[in-house]
Amino acid sequence: MSKQHPHYDVIVIGAGPAGYVSAIRCAQLGLKTACIDNWSNNKRQSSLGGTYLNAGCVSSIALLESAKIYHLLNHEIGKHGIHVENISLDIGQMMQRKNKIIETLSAKIADIFAYHGITRIHAHAKLINARQVEITPLDHSAPSVIQSGNIILAAGSSSVDLPCAPVDNEFIIDSTAALNLDCVPKKMGIIGAGVIGLELASIWSRLGSEIILLEAQENFLPLTDQQISREAYRIYTQQGLDMRLGARVISTKKSHKKVTVEYQDNEGQHCLRVDKLIVASGRKPNTENLATAETNLVLDENSFIHVDENCRTTLPGVYAIGDLTLLGPMLAHKGIEEGVFVAEQIAGIHTPINYDILPSVIYTEPEIAWVGQTEQALRAIGENIKIGTFPLTASTRSHVKGSPDGLVKIIAHADTDTILGVHIIGAHASELIAEAVLAMEFSASSEDLARTIHAHPTISESLHEAALALDKRTLHLPAGRLIP
Ligand code: NAD
């Protein structure tokens, strides 16, 4: 029998970026808030931050940072006339640094929760109706019920299982295990050359693994502007990644501490033998066990929660945000904005999200970032566009930094000059894209960017040069060489 517990204004289920931000904003707005999250760290303690902080993006960028330093010391530092000998790798220490970052950031969220008086519950939560949530402690002791006028579902997503490659987290591993390895595998296969597959490939190839990516689709990074994805393919291949497109994995077999992967492409069936195989074939919403059947929470055929444009589910007072819905892509900052949006709606403030101007970033080396529409999407609808590109080989600062790979591309409407999309591949693309996001939020024209003074020499002036290129007046590149 469930016992009854206190009443809250808002209950948030999940403490990933969408959930913890939503709880903080609710509390800021004076709402009595509880946040329930079931993540446990290796000490079996609660660790706020969800997959994003505990086993995803933050781990990935922390390890990439270490891998870049290792790669620099091994392959690039000599160009500076600096000679380093006896470089060695301590993966244990590298993982400890990453884990310390996670611990620190999670503790910071806990401090903010405490400051705002948010009730934090370490348990599994299940919606039992539009006003009540059942909480089951992780030691499986008796469940209890808490109530609220509003419930925000923010339970996130998890890796999709591939029946042909069952994860054992020893030889066939998921992305979480791939961010916690205790040694560098000699040869590693990755199923899926999507965002996660590529980010993991960037880390482990820099640490010395031979990487083979098997991607079922012929089209590489199909949602990215195709000029950028072609450039990415060229750069990654040049760096040594073995990317096999149109390669669908059909079976796997483990023997003698190795995995044999069978895959099919246009030329027939092939076998590949690797020390470890990472499955990075997509993510699914965590809706299993999130609500009882009696609640009648409506999901779509892929188990995403059905919501309207205000993140409202079919149950009154119940909202769903972040990776649980198909409103926008599975991105931490999309979840964060939805968390704020829903909290404010509950408090009576309505400030809708502009999903059209949402930046995307792939944290590889070099990074890829974009906002707005791609050239192929605009051409498909017959939009009258003009394009300016600026290769980083023409950027002074990129040369000085020793990372001149990449380009900036700006697409504007041919008649109005309004910026419709900005696409970047290159060092610091994740930071550079912020200028483009702001410009588009303010409905800037490419001429606005072209007339904005950028410091010289900086990498950010490549955006300025790409804007000038739209009108064939780029300054640091001969006019005939605009398209690399
Ligand atoms: P994804 O959908 O981006 O890529 C998975 C790839 O696996 C696809 O290209 C698919 O064709 C391929 N695939 C599936 N089955 C296969 C098979 N049998 N053989 C070969 N290839 C196969 O998914 P992901 O990389 O797992 O990422 C999941 C989500 O998480 C994405 O929405 C992504 O945007 C998000 N994410 C974002 C970031 C970021 O913002 N930097 C980081 C991590 C994840």
Side-chain angles (χ1 to χ4, degrees), residues 195 219-233 309 326-331 333-334 337-338 341 351-362 366-392 394-395 406-426 428-454 459-475 477 479 481-484:
V195 180
N219 198 355
F220 180 59
L221 290 176
L223 298 180
T224 309
D225 186 275
Q226 290 301 283
Q227 187 177 359
I228 300 290
S229 49
R230 277 196 304 275
E231 185 65 1
Y233 187 84
E309 69 284 5
L326 280 177
L327 263 185
M330 284 183 167
L331 297 172
H333 45 279
K334 184 216 75 149
E337 282 311 308
E338 288 178 343
F341 174 48
T351 45
I353 295 173
N354 185 356
Y355 287 96
D356 291 338
I357 303 180
L358 185 78
S360 290
V361 178
I362 307 180
E367 293 176 346
I368 298 177
W370 71 94
V371 59
Q373 304 199 62
T374 60
E375 180 182 346
Q376 68 267 19
L378 289 163
R379 296 221 184 273
I381 56 167
E383 199 67 274
N384 195 9
I385 55 173
K386 55 183 181 175
I387 295 172
T389 58
F390 187 74
L392 297 185
S395 152
L407 67 98
V408 174
K409 172 175 182 172
I410 300 180
I411 310 172
H413 197 284
D415 306 324
T416 64
D417 195 33
T418 307
I419 300 172
L420 301 175
V422 177
H423 306 270
I424 306 173
I425 177 167
H428 308 291
S430 61
E431 303 291 344
L432 297 179
I433 202 66
E435 179 180 346
V437 176
L438 191 67
M440 290 185 69
E441 265 296 338
F442 290 173
S443 306
S445 63
S446 79
E447 189 60 18
D448 288 329
L449 266 191
R451 295 281 167 196
T452 301
I453 302 172
H454 288 68
I459 300 180
S460 68
E461 68 183 328
S462 304
L463 275 147
H464 180 237
E465 288 276 10
L468 290 169
L470 272 147
D471 194 30
K472 299 195 174 31
R473 52 184 222 267
T474 185
L475 299 168
L477 190 70
R481 283 195 227 144
L482 290 184
I483 311 280

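These numbers come from a predicted model, not from an experiment.
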Hey, can you pull the donor-acceptor pairs under 3.5 Å for the side chains in residues 435-444, sequence neighbours left out?
residue : atom : partner : partner atom : Å
Glu435  : OE1  : His454  : NE2          : 3.3
Glu435  : OE2  : His454  : NE2          : 2.5

Review point. Are side-chain N/O atoms of His428 and Glu367 paired as donor and acceptor at under 3.5 Å?
Key: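 The answer is no; no qualifying pair exists.
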
Review point. If we ignore angles and hydrogens, is there a donor and acceptor under 3.5 Å between the side chains of Ser462 and Glu465?
Key: no

Distance check, rounded to the nearest 0.5 Å: [X] atom [atom1] versus [Y] atom [atom2]?
X      : Y      : atom1 : atom2 : value
Thr474 : Phe390 : OG1   : CZ    : 5.0 Å
Glu337 : Leu327 : CD    : CG    : 13.5 Å
Asp448 : Thr418 : CG    : OG1   : 9.0 Å
Gln373 : Leu378 : CD    : CG    : 4.5 Å
His464 : Leu468 : NE2   : CG    : 4.5 Å
Ile424 : Asp225 : CD1   : CG    : 11.5 Å

Exercise for review: Walk me through it: do Leu221 and Ile368 pass the test side-chain contact (heavy atoms from CB on, under 4.5 Å)?
Suggested key: CA-CA 11 Å; Leu221 290 176; Ile368 298 177; 4.0 Å; yes

Compare all side-chain heavy atoms of [X] with those of [Y] and state whether any distance is below 4.5 angstrom.
X      : Y      : answer
Gln226 : Glu375 : no
Asn384 : Asp415 : yes
Thr224 : His423 : no
Pro359 : His333 : yes
Ile228 : Tyr233 : no
Val371 : Leu358 : no
Ile410 : Leu470 : yes
Ile411 : Ile419 : no

Exercise for review: Mind jotting down which residue pairs meet the side-chain hydrogen bond (donor to acceptor under 3.5 Å, both in side chains) criterion with at least one end in residues 353-362? Sequence neighbours excluded, please.
Suggested key: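 Checked against side-chain hydrogen bond (donor to acceptor under 3.5 Å, both in side chains) - neighbours excluded - the pairs reaching residues 353-362 are Glu338-Tyr355.
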
Point to revise | Working for side-chain contact (heavy atoms from CB on, under 4.5 Å), residues Gln227 and Thr389 | key: CA-CA 10 Å; Gln227 187 177 359; Thr389 58; 3.9 Å; yes

Exercise for review: For Asp471, enumerate each residue passing the side chain to side chain donor-acceptor pair (under 3.5 Å) test, keeping only those at least two apart in sequence or located in another chain.
Suggested key: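 Residues passing side chain to side chain donor-acceptor pair (under 3.5 Å) with Asp471: Arg473.
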
Review point. Would you find more than 12 non-hydrogen atoms of other residues, nucleotides or ligands less than 6.0 Å from Ile381 atom CD1?
Key: yes

Check your understanding: Taking atom CD of Gln376 as the centre, does the number of heavy atoms from other residues, nucleotides or ligands within less than 6.0 Å exceed 12?
Key ->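 Above 12, so yes.
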
Practice item. Take Leu463 and Val422 through the side-chain contact (heavy atoms from CB on, under 4.5 Å) test and state the conclusion after the steps. Key: CA-CA 9 Å; Leu463 275 147; Val422 177; 3.8 Å; yes

Contact summary for [X] and [Y], nearest pair of heavy atoms:
X      : Y      : answer
Asp417 : Ala412 : O-CB, 3.7 Å
Ala369 : Ala429 : CB-O, 3.4 Å
Ala450 : Ala467 : N-CB, 3.7 Å

Review point. Should Leu407 and Leu392 be marked as a side-chain contact (heavy atoms from CB on, under 4.5 Å) after you check the CA-CA gap, both sets of side-chain angles, and the distance that decides it?
Key: CA-CA 5 Å; Leu407 67 98; Leu392 297 185; 5.6 Å; no

